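Report on the following structure.
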Amino acid sequence: MTVTVPASASVVAGLRQLRIELPSWAFGNSGTRFKVFAQRGVPRNPYEKVADAAQVHRFTGVAPTVALHIPWDRVDDYGDLARHAQAHGVGLGTINSNTFQDDDYMLGSVCHPDTRVRHKAVGHLLECVDIMDATGSRDLKLWFADGTNYPGQDDIRMRQDRLAESLRIVYDRLGPDQRMVLEYKLFEPSFYITDVPDWGTALVHCIALGPKAKVVVDTGHHAPGTNIEFIVAALLRADKLGAFDFNSRFYADDDLMVGAADPFQLFRILHEVVKADALRPEAGVAFMLDQCHNIEPKIPGQIRSVMNVQEATAKALLVDREALEAAQRAGDVLGAHGVLMNAYSTDVRPLLAELRAGMGLDPDPMAAFARSGYVERIAAERVGGQQAGWGA
Ligand code: PSV
Ligand code: MN
């Protein structure tokens, strides 16, 4: 069988455009509601988290920004944190809001029936935009834990109205180059309704708000069996895909390493991105990781994840688009499927090793990081103080 793939030069050019943003919270301790396992050398503050994120960029070359989560990453001087990031060779990225860890938010935040609580939540979101001004961040990421547990607990439609009103206030505060990206999640922590449960709800709100509002697809936030690439294709078509929160799931919002559970799904998603020419930073899709490393070492967990996204992207770039379209036009069902599978079945690791060597990097980031002695150094240096964790 002859397998035709595009010239590797165009694949390499595509891969060079890819930028992956890291979550600051991936470097702190995390766990389940049963147990948080502490690891040695874990950062004690946002400065140390940024330093760890910079290691991932140092060894992969494609992860130049780190996202902050407020208040977990609150500091006195965001300009100073931005300069610290720059000194480590990275920048500060998306600002993630947090309206889910305050006692006031037990019945919701921006959808809460009490105006006082809604004002407090909106105040937090406006503070996040102030922080974006200081850090130079483009995106405010919104995820709301809002919802209800019991039928009749609150009015579904009124909660949507409150959501729309709250979002409007924040949208109107955005600067000309700033955006809000709205994330949906099927369920959790609420079990009866979630106020932004799916891409349809997020899209309706983003369309009503305007061009600076886009949807976030967190790959862990769907029902089992959901065709995520369809959602990606539909959002790209509507110019409303703002960002990915990449991770893997088996059961719920597992926050495992992207590409670990279902690398084929990741490939199918990235195939839609490549077809829409949306790898380019100018296309406005932020590729972020949203993961927590509970049992695996954190920096290698991020390096592996970045490599998984790169591998899936390389395979997506290898799809012979001409052959695929010809087969599709001819109604050649198995031929078209075969073109896609040829790309997916290609071992792209040598290509990526070559790409890294061309960037002056070690072809094997995992091994190079292990050899660097960084883990041993931070374990020895970061003694005392309070380790950062989910919620600090
Ligand atoms: C919610 O499950 C979520 O995906 C949102 O992006 C939050 O900001 C993040 O996780 C917190 O880990
Ligand atoms: Mn997320």
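Bear in mind the structure is a predicted one, so any value in this text is a computation, not a measurement. First listed ligand is number 1; within each ligand, the first listed atom is number 1.
At least one N/O-N/O distance between Glu183 and ligand 1 falls below 3.5 Å. Ligand 1 has no N or O atom lying under 3.5 Å from any N or O atom of Asp255, backbone or side chain. Where the criterion is an N or O separation shorter than 3.5 Å, residue side chain and backbone included, Lys185 meets it with respect to ligand 1.
Remark: Lys315 qualifies as a cation-pi partner of Tyr344 under the 6.0 Å distance and 45° angle criteria applied to the six-membered ring.
The single protein non-hydrogen atom nearest to atom 3 (C) of ligand 1 is Asp290 OD2, 3.4 Å, given as residue, atom name and distance. Residue, atom and distance of the protein heavy atom nearest to atom 8 (O) of ligand 1 are His69 NE2, 2.9 Å.
Looking only at distances, no side-chain donor or acceptor of Asp102 sits under 3.5 Å from a matching main-chain atom of Tyr105. Using modelled atom types, no side-chain atom of Thr194 and backbone atom of Val196 make a donor-acceptor pair closer than 3.5 Å.
In summary, the side chains of His124 and Asn98 do not present any donor paired with an acceptor at a separation below 3.5 Å, with no hydrogens or angles considered. Judged purely by distance below 3.5 Å, without hydrogens or angles, the side chains of Gln160 and His205 pair a donor atom with an acceptor atom. Judged by distance alone, the side chains of Asp255 and Gln291 never bring a donor and an acceptor atom under 3.5 Å apart. If you check the side chains of Asp133 and Tyr78, you find no donor sitting under 3.5 Å from an acceptor.
The contact set between ligand 1 and Asp218, taken as ligand atoms under 4.0 Å from a residue heavy atom, comprises 4 (O). Near Trp25, with a cut-off below 4.0 Å to any heavy atom, the atoms of ligand 1 are 12 (O). If you number the atoms of ligand 1 from 1 as listed, the ones under 4.0 Å from a heavy atom of His221 come out as 1 (C), 2 (O), 3 (C), 4 (O).
Using a cutoff of 4.0 Å between basic side-chain nitrogens and carboxylate oxygens, Arg168 and Glu165 are not scored as salt-bridged. Contact check on Arg162 versus Asp155 returns no salt bridge, with no Lys/Arg side-chain nitrogen under 4.0 Å from an Asp/Glu carboxylate oxygen.
Counting only distances under 2.8 Å, and ignoring water, the protein N, O or S atoms around the Mn ion (ligand 2) are Glu183 OE2, Asp218 OD2, Asp245 OD2, Asp290 OD2.
Taking CG of Leu182 as the start and NZ of Lys240 as the end, the distance is 10.5 Å to the nearest 0.5 Å.
Using a 4.0 Å cut-off between heavy atoms, Asp245 contacts ligand 1 through its side chain alone, with no backbone atom that close. Here Asp253 has side-chain heavy atoms under 4.0 Å from ligand 1, and that is the only part of it that gets that close.
Contact check for Tyr251 versus Arg249: no side-chain heavy atoms found under the 4.5 Å cut-off.
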